Chemist: 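Shown below is the structure under consideration.
One-based numbering along the sequence shown. Note that the structure is a prediction, hence the values are computed from the model and not measured.
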Amino acid sequence: MENNPEREEFLLNHSQNSTKGGLKTIPFIIVNESCEKVASFGLQPNMIIYMTKFYNMNAARASVLINLWSALSNVLSILGAFISDSYIGRFRAVAIGTISSLIGMLILWLTTIFPQLRPLPCGQYQHDCNGTTAAQLAAILFSFGLISIGAGFVRPCSIALGADQLENKENLHNERLIDSYFNWFYASEGASIVLAVTVIVYIQDHFGWQVGFGVPALLMVLSISVFLIGSPHYIKAKPEGSLFTGLFQVAVAAFRKRHINVQLNYSNDCYYKAPESKLLEPSTDFRCLNRACIIEDPHMELKPDGKASDPWSLCSVEQVKLMKCLLTVLPMWSTCIMLLVSFSQPLSIYQLLTVDRHITSQFEIPAGSFGMITILSLTIWFAFYDRALVPLLSRYTGLPTGISPFSKMGIGLFLGILATVLSAITETIRRNKAINAGFEDDPNAVLNMSSMWFVPQLALYGVAEALNVVGQIEFIYSLLPKTMSSFAAALYTFGLALASLINSLLVSVVDSITSTGGNTSWLATNINRGHLDYYCWLMTFLSVINFFYFLAVCRFTDQHHHDGRSGLFPEAEEEHSANNRFHGASL
């Protein structure tokens with residue numbers, strides 16, 4: 001994107017004013033983000049139990065609903081970033097999002113207090129439970145929607161709002177200060193997720209749903225209060241437009257000019273270029289997009305100052321290149337989706353409820369807290385790889401990052417396959433133990449089986465995600481210029497949303513097909529009668545197919561981008577080399 005002098009001047013003037021911006025505003029922003037993370041992530045692990053127990057849903061339907069909720073939250077994160085950058089600004093986006101999350105959690109909390117908001121419970125020997133009314137379902141879905149809107153505005157905008165407070169062009173150490181802020185921000189995010197899946201889940205298990213859902217609501221009250229207290233001190237940068245808008249403009253302009261014959265040879269003067277552009281003409285790949293930057297009538301399409309009269313009819317060569325960059329990384333990005341799908345085992349919490357989770361005779365790990373194992377393994381792997389393996393591998397590969405992004409992604413996918421195999425084997429053992437013990441019709445019975453059986457697969461998922469995600473981001477960064485660095489996070493977020501949607505579809509299809517003819521569904525709420533192990537083997541099969549798809553994409557990509565680098569943007573390769581040198585120097 002082009003530099004915005006007005007915004008730079010705005011930020012500079014305010015960063016020099018001691019009453020606006022600076023480090024004193026950062027605690028307000030981090031507390032706001034942390035409280036939102038603890039509150040929203042603390043609701044997710046046990047939500048399927050709440051839906052099946054109090055809304056009389058079967059496990060498959062509840063799983064589909066929760067996956068759709070997750071997908072909505074991730075999609076709205078991209079939409080929230082777009083609205084913030086283009087229309088309302090980051091401060092308003094965070095404020096609106098925090099208030100929306102608060103209202104949503106209050107409504108969810110009210111469903112635990114007023115019985116009218118829930119269907120009547122099933123009797124002990126009642127097979128036909130009372131259905132949820134439209135009003136009751138609307139109430140909880142409305143709360144989910146508001147929480148998703150809140151997450152969609154808060155999560156992508158909080159970190160950028162904090163960076164605005166520290167941006168100062170005259171400070172020679174400003175870049176290091178912002179980098180330190182990013183480190184602390186992500187550290188607080190990690191700590192918040194740990195608190196969510198441990199403390200909040202523990203409260204729900206031991207103090208009930210009213211307290212368990214009331215605490216997140218109180219956290220959101222604290223979140224909005226702290227955020228608004230700091231409001232007078234914030235630098236509130238005006239909306240400057242979103243990079244997404246420029247990409248949409250390329251697609252629209254190319255479609256409007258679809259009559260142009262791109263096979264003809266055009267001179268450099270026929271292409272619209274940004275001021276001081278190093279790009280004289282578009283590349284020949286995705287040639288149909290070149291129509292967007294071809295000037296047909298300079299008098300009609302250009303203003304007297306040389307700018308485009310209508311950006312939806314004429315785009316710069318740079319914008320076209322950015323669009324091509326995005327299309328280039330999409331095939332490789334798509335290979336990570338199946339890995340994210342395999343992480344989301346729909347009924348894993350029911351498995352953990354049937355095994356012995358005691359650490360000591362007095363302390364039992366909550367079933368919803370076992371996600372901590374994945375987080376811990378991911379964190380430990382990051383530290384071990386960066387400090388121990390990278391220096392060792394670099395001696396043999398000559399790469400500052402140890403191994404190439406392709407290798408990281410491939411190893412991550414392979415470990416994901418091993419994790420799904422382990423999950424299938426573990427569930428087969430658990431189910432056989434339950435049947436042999438006579439618990440086929442008692443899904444609440446606790447088996448003489450340690451929960452430690454589930455640790456290897458959860459740990460493998462963490463390492464697989466760490467390798468694959470880092471490889472994806474390194475690959476994307478190596479292809480895209482600095483102006484599109486936020487796209488790596490945006491694509492990952494969209495991948496999470498797509499994975500949740502695919503998971504919902506798979507659960508619905510498998511449940512529907514396997515329950516035909518009066519048969520017990522693989523994904524039955526009574527997992528001792530169902531066949532969750534078959535579902536895990538299905539995930540393994542799909543993951544293997546995805547691995548071969550990844551190999552095919554690697555072969556195609558390697559023909560165009562050796563060592564994960566692209567010639568689309570010269571400055572991208574320079575930045576990539578500089579980043580590698582910096583990374584190597586920091587080891």
Side-chain angles (χ1 to χ4, degrees), residues 38-55 57-63 65-67 69-70 112 193-213 215-216 342-377 419 422-431 433-434 437 439 442-462 503 507 523-530 532-533 535-536:
V38 174
S40 59
F41 277 77
L43 295 175
Q44 294 176 6
N46 282 337
M47 186 56 69
I48 190 171
I49 298 176
Y50 183 71
M51 299 298 293
T52 54
K53 185 175 181 180
F54 290 97
Y55 281 83
M57 293 184 181
N58 61 46
R61 186 185 177 194
S63 176
L65 183 60
I66 293 169
N67 275 311
W69 179 29
S70 175
T112 68
I193 295 174
V194 169
L195 287 174
V197 299
T198 54
V199 177
I200 301 298
V201 171
Y202 183 87
I203 291 172
Q204 292 167 0
D205 284 1
H206 290 79
F207 298 96
W209 298 105
Q210 290 187 12
V211 178
F213 286 175
V215 171
S342 66
F343 288 165
S344 305
Q345 295 291 353
L347 307 182
S348 58
I349 194 167
Y350 287 100
Q351 294 174 289
L352 292 163
L353 287 171
T354 66
V355 295
D356 183 8
R357 292 172 280 115
H358 283 89
I359 298 297
T360 66
S361 59
Q362 301 295 325
F363 180 74
E364 183 181 46
I365 304 175
S369 296
F370 272 77
M372 266 297 301
I373 297 172
T374 301
I375 297 172
L376 286 175
S377 67
L422 281 178
S423 66
I425 294 173
T426 303
E427 172 54 19
T428 300
I429 295 172
R430 189 211 64 78
R431 186 176 182 275
K433 281 181 174 288
F439 295 144
D442 187 4
N444 298 318
V446 178
L447 306 175
N448 184 23
M449 178 179 179
S450 173
S451 58
M452 294 299 105
W453 279 82
F454 294 87
V455 171
Q457 68 195 52
L458 294 172
L460 269 180
Y461 278 135
N503 218 333
V507 170
L523 302 175
T525 306
N526 181 353
I527 60 173
N528 295 339
R529 277 194 168 273
L532 187 57
D533 51 341
Y535 186 83
C536 293

Chemist: Give me the atom names and distance for the closest heavy-atom approach of A524 to L347.
Modeler: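 Shortest heavy-atom contact: O-CD1, 3.7 Å.
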Chemist: Compare all side-chain heavy atoms of L523 with those of N58 and state whether any distance is below 4.5 angstrom.
Modeler: no
Chemist: To the nearest 0.5 angstrom, please state how far the CG atom of N444 sits from the CG atom of L353.
Modeler: 8.0 Å
Chemist: Nearest heavy-atom pair of K433 and N448: which atoms, and what distance?
Modeler: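 Smallest interatomic distance, heavy atoms only, reads NZ-O, 4.3 Å.
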Chemist: Minimum heavy-atom separation for G368 to P45, with atom names?
Modeler: O-CB, 3.4 Å
Chemist: Taking side chain as C-beta onward, heavy atoms only, is M372 less than 4.5 Å from I193?
Modeler: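 Heavy-atom side-chain distance check fails, nothing below 4.5 Å.
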Chemist: Can you check side chain to side chain contact (heavy atoms under 4.5 Å, CB included) on F454 and V355, steps first, answer last?
Modeler: CA-CA 10 Å; F454 294 87; V355 295; 4.0 Å; yes
Chemist: Side chains of R430 and I527: does their closest heavy-atom pair fall under 4.5 Å?
Modeler: yes
Chemist: Within this structure, what is the CE-CZ distance for the pair M47 and F213, rounded to the nearest 0.5 Å?
Modeler: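 Separation between the atoms: 4.0 Å.
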Chemist: Ignoring hydrogens and geometry, is there a side-chain-to-backbone donor-acceptor pair from N503 to S344 under 3.5 Å?
Modeler: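 Judged by distance alone, yes, a pair lies under 3.5 Å.
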Chemist: Using 0.5 Å steps for rounding, measure from the CD1 atom of I200 to the OG atom of S369.
Modeler: 10.5 Å
Chemist: Do M449 and T426 make a side-chain contact, defined as non-hydrogen atoms from C-beta onward lying under 4.5 Å apart?
Modeler: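 Answer yes - side chains close enough.
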Chemist: Given 3.5 Å as the limit, does a donor-acceptor pair link the side chain of T374 with the main chain of L458, or not?
Modeler: yes
Chemist: Kindly say whether G530 contributes a backbone atom to a donor-acceptor pair with the side chain of R431 at under 3.5 angstrom?
Modeler: yes
Chemist: Please work out which of the three classes, parallel, tilted or perpendicular, describes the rings of Y202 and H206, given edges at 30° and 60°.
Modeler: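 Correct class here is parallel.
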Chemist: Okay, side chain of Q204, backbone of G42: is any donor-acceptor separation there less than 3.5 Å?
Modeler: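 Yes, Q204 side chain to G42 backbone: donor-acceptor pair under 3.5 Å.
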Chemist: Within the 4.5 Å heavy-atom criterion, are S423 and Y461 side-chain neighbours or not?
Modeler: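 Result yes, sub-4.5 Å side-chain heavy-atom pair found.
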Chemist: Going from CG on L43 to CH2 on W69, what distance comes out if it is rounded to the nearest 0.5 angstrom?
Modeler: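 It comes to 5.0 Å.
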Chemist: Atom CE of M57 and atom CG of L65: how far apart are they, to the nearest 0.5 Å?
Modeler: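 M57 CE to L65 CG: 5.0 Å, rounded to 0.5 Å.
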Chemist: Check whether any side-chain N or O of T354 sits under 3.5 Å from a backbone N or O of V446 as a donor-acceptor pair, and report yes or no.
Modeler: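 Judged by distance alone, no pair lies under 3.5 Å.
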Chemist: Apply side chain to side chain contact (heavy atoms under 4.5 Å, CB included) to the pair V194 and L376, showing each step before the final yes or no.
Modeler: CA-CA 9 Å; V194 169; L376 286 175; 6.0 Å; no
Chemist: Is any side-chain heavy atom of I49 closer than 4.5 Å to a side-chain heavy atom of W209?
Modeler: yes
Chemist: State which residue, out of T52, T525, N526, N528, fulfils the side-chain hydrogen bond (donor to acceptor under 3.5 Å, both in side chains) condition with Y350.
Modeler: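 When side-chain hydrogen bond (donor to acceptor under 3.5 Å, both in side chains) is applied between Y350 and each of T52, T525, N526, N528, only T52 qualifies.
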Chemist: Quick one: does S63's side chain have a donor or acceptor within less than 3.5 Å of a partner on A59's backbone?
Modeler: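 No, the answer is negative, given that no donor and acceptor are paired below the 3.5 Å cut-off.
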Chemist: Identify the two heavy atoms, one from G212 and one from I203, that lie closest to each other, and give their separation to 0.1 Å.
Modeler: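 Closest approach of G212 to I203, heavy atoms only: CA-CG2, 3.9 Å.
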Chemist: Taking all atoms of both residues into account, what is the closest heavy-atom pair of F363 and I365, and its distance?
Modeler: CE2-CG1, 4.1 Å
Chemist: With a 4.5 Å limit on heavy-atom distance, are the side chains of E427 and Y535 in contact?
Modeler: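 Of all side-chain heavy-atom pairs linking Y535 with E427, none is under 4.5 Å.
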Chemist: Return the minimal non-hydrogen interatomic distance between A367 and D205, and the atom names on each side.
Modeler: N-OD2, 4.1 Å
Chemist: Looking at side-chain heavy atoms only, is the closest gap between T112 and F54 below 4.5 Å?
Modeler: no
Chemist: Would you confirm whether R357, through its side chain, and E364, through its main-chain N or O, come within 3.5 Å as a donor-acceptor pair?
Modeler: no
Chemist: Drop me the distance from L352's CG to S451's OG, to the nearest 0.5 angstrom.
Modeler: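 The CG atom of L352 sits 7.0 Å away from the OG atom of S451.
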